[in-house]
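One-based numbering, in listed order, for ligands and for the atoms of each.
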Amino acid sequence: MSCPVIIDTDTAQDDCVTILWGLLDPAADLRAITMVAGNVSFEQQVANAHLTLNVAGRLGEVPIHAGCRQPMLREWASAEDVHGDGSGGLRMDLSQTALDPEHGVDALLRITAEAPGQVHIVAIGPLTNIATACVLDRGFAKRVRSLSIMGGSINGHGNITAAAEYNIYVDPEAAQIVLTAGFEDLRLLTWDPVTLRDATINRAGYDRLAAIGTPLARFFKAVCDTTLDFNEEVGVDGSTHPDSMTLATLLHPELVQRQAAYRVDVETASPLTRGATVMAWPKFGLEPNATVYQAVDGPGFFALLEDFLRVETAPNLPIAGL
Ligand code: BDR
Ligand code: CA
């Protein structure tokens, strides 16, 4: 049976791959895409999401809802230095596309109210939309079957500062609201160690995927090339896929090799460690609020990704640059 899921995203690079995965994997029933301020400009993120539906030949089939356009308290922090425009410069005629008129947060509230306890959410951007839904409706968290978050690190390295991972750093107050909102099944896939070790494919492996020859593989290369170049400049050996691995662990739980329950809180006061995820293991006697993945089957994940990139699709509209 397929898994009803909403993807909450700041669509660029691996967010695009995640949406593709949600469209192609028979294990997923992708109900909606909700957009949150993050990686690149909001308009570009929306364009990237339309491009992704288009390359899969599914334009208009999954609603895209615009959500919160800035973090709760902080100035927006862009990741354009990492991702460029997040689409590798691909372009299409956007006049033939439309956003769903319903706000992203309203969509999260409505869809979970229509099917309480059934819908999963995969949050792969800053947590502003999810936190706003929690604040607007105290029953929201309890209606969500599971919330899988890409964010933070297990008391380890950050990627936007020494202490913080980008998604949590951008809106730390939102992340703390979400972590303490009472979700019954909240899972975290972190930057360090899981992304850096298990969700990273080196250039040789990446080139092999990019050369498969389908429109999807060409799209994969276009959206991921800039980030791969950036990664290599800063000493990360390959193309990073934390967002799509977060969705994959929901759809294919057998990929998770090791996990543990932690009490996770977010630093919101210190400028030095803003957005750090402080993870307390059982010794401290605190009630856990999250399941944190410690190891994921990287080769199994990339084998599944390869299967999807081999699928032949016919884009609905021409894509310049593909
Ligand atoms: C996360 O930050 C973003 O730049 C990526 O899309 C991913 O969600 C990694 O830190
Ligand atoms: Ca993301």
Side-chain angles (χ1 to χ4, degrees), residues 6-22 33-42 44-46 48-49 52 64 67-68 71 74 76-88 104 121-130 147-154 156-172 174-175 178 187-201 220 223-231 233-236 238-250 266 274-277 293 296 301:
I6 301 170
I7 298 180
D8 187 72
T9 165
D10 55 341
T11 313
Q13 195 251 347
D14 194 40
D15 294 76
C16 300
V17 179
T18 311
I19 293 172
L20 273 186
W21 195 307
I33 294 164
T34 53
M35 192 63 61
V36 68
N39 282 321
V40 300
S41 79
F42 205 86
Q44 184 64 49
Q45 291 182 172
V46 170
N48 294 346
T52 308
I64 303 173
C68 298
R74 314 285 181 147
W76 170 57
S78 127
E80 283 151 322
D81 57 329
V82 180
H83 302 302
D85 74 0
S87 78
I121 298 175
V122 173
I124 54 175
L127 289 164
T128 322
N129 285 343
I130 310 298
L147 172 65
S148 298
I149 295 171
M150 190 284 125
S153 73
I154 307 182
H157 295 91
N159 58 6
I160 184 160
T161 67
E165 178 280 331
Y166 176 80
N167 287 340
I168 307 296
Y169 174 88
V170 169
D171 199 341
V178 170
R187 313 164 188 190
L188 269 178
L189 188 142
T190 58
W191 181 256
D192 182 17
V194 171
T195 301
L196 290 172
R197 187 193 53 219
D198 303 329
T200 300
I201 186 164
F220 172 78
V223 303
C224 296
D225 265 357
T226 305
T227 310
L228 172 56
D229 291 343
F230 174 89
N231 286 346
E233 271 169 36
V234 299
V236 175
S239 182
T240 36
H241 296 278
D243 295 340
S244 44
M245 182 173 270
T246 304
L247 176 64
T249 52
L250 169 71
V266 175
R274 160 184 166 182
T277 45
Y293 298 141
V296 178
F301 163 76

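Relative ring orientation between Phe301 and His241 is described as tilted, the plane-to-plane angle lying within the 30° to 60° band.
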**Message:** Please evaluate residues Asn167 and Met150 with respect to the criterion side-chain contact (heavy atoms from CB on, under 4.5 Å), reporting the C-alpha separation (whole Å), side-chain torsions for both, the decisive distance (0.1 Å), and the verdict.
**Reply:** CA-CA 8 Å; Asn167 287 340; Met150 190 284 125; 3.6 Å; yes
**Request:** Determine, stepwise, if the pair Asn39 / Asp15 fulfils side chain to side chain donor-acceptor pair (under 3.5 Å).
**Result:** CA-CA 10 Å; Asn39 282 321; Asp15 294 76; 3.3 Å; yes
**Request:** Step by step, work out the side chain to side chain donor-acceptor pair (under 3.5 Å) result for Thr227 and His83.
**Result:** CA-CA 5 Å; Thr227 310; His83 302 302; 3.0 Å; yes
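Ligand 1 has an N or O atom lying under 3.5 Å from an N or O atom of Asp243, backbone or side chain. Close N/O approach between Met150 and ligand 1 is not found [any backbone or side-chain N/O within under 3.5 Å].
With a heavy-atom cut-off of 4.0 Å, Asn39 touches ligand 1 through its side chain alone. The part of Asp15 lying near ligand 1 is the side chain, judged by heavy-atom distances below 4.0 Å. Here Asn159 has side-chain heavy atoms under 4.0 Å from ligand 1, and that is the only part of it that gets that close.
Distances from ligand 1 to the non-hydrogen atoms of His83 include at least one value under 4.0 Å. In this structure, Asp14 has no heavy atom closer than 4.0 Å to ligand 1.
Residues Leu189 and Val296 meet the side-chain proximity criterion, which asks for heavy atoms closer than 4.5 Å.
Without hydrogens or angle criteria, Asp14 side chain to Ser239 main chain gives no donor-acceptor distance under 3.5 Å. In this structure, Thr18 contributes its side chain and Ser244 its backbone to a donor-acceptor pair below 3.5 Å. Judged by distance alone, the side chain of Asp192 and the main-chain N or O of Ser153 form no donor-acceptor pair under 3.5 Å. For the pair Tyr169 (side chain) and Ala163 (backbone), a donor-acceptor distance under 3.5 Å is absent.
Interface atoms of ligand 1 facing Ile124, defined by a heavy-atom separation under 4.0 Å, are 8 (O).
Taking CZ of Phe220 as the reference point, atom CG of Leu20 lies at 10.0 Å (rounded to 0.5 Å).
Scanning the protein for heavy atoms near atom 1 (C) of ligand 1, the closest one is Glu165 OE2, 3.3 Å.
Around the Ca ion (ligand 2), the protein atoms of type N, O or S found under 3.0 Å away are Asp10 OD1, Asp15 OD1, Asp15 OD2, Ile124 O, Asp243 OD2, listed by chain and number.
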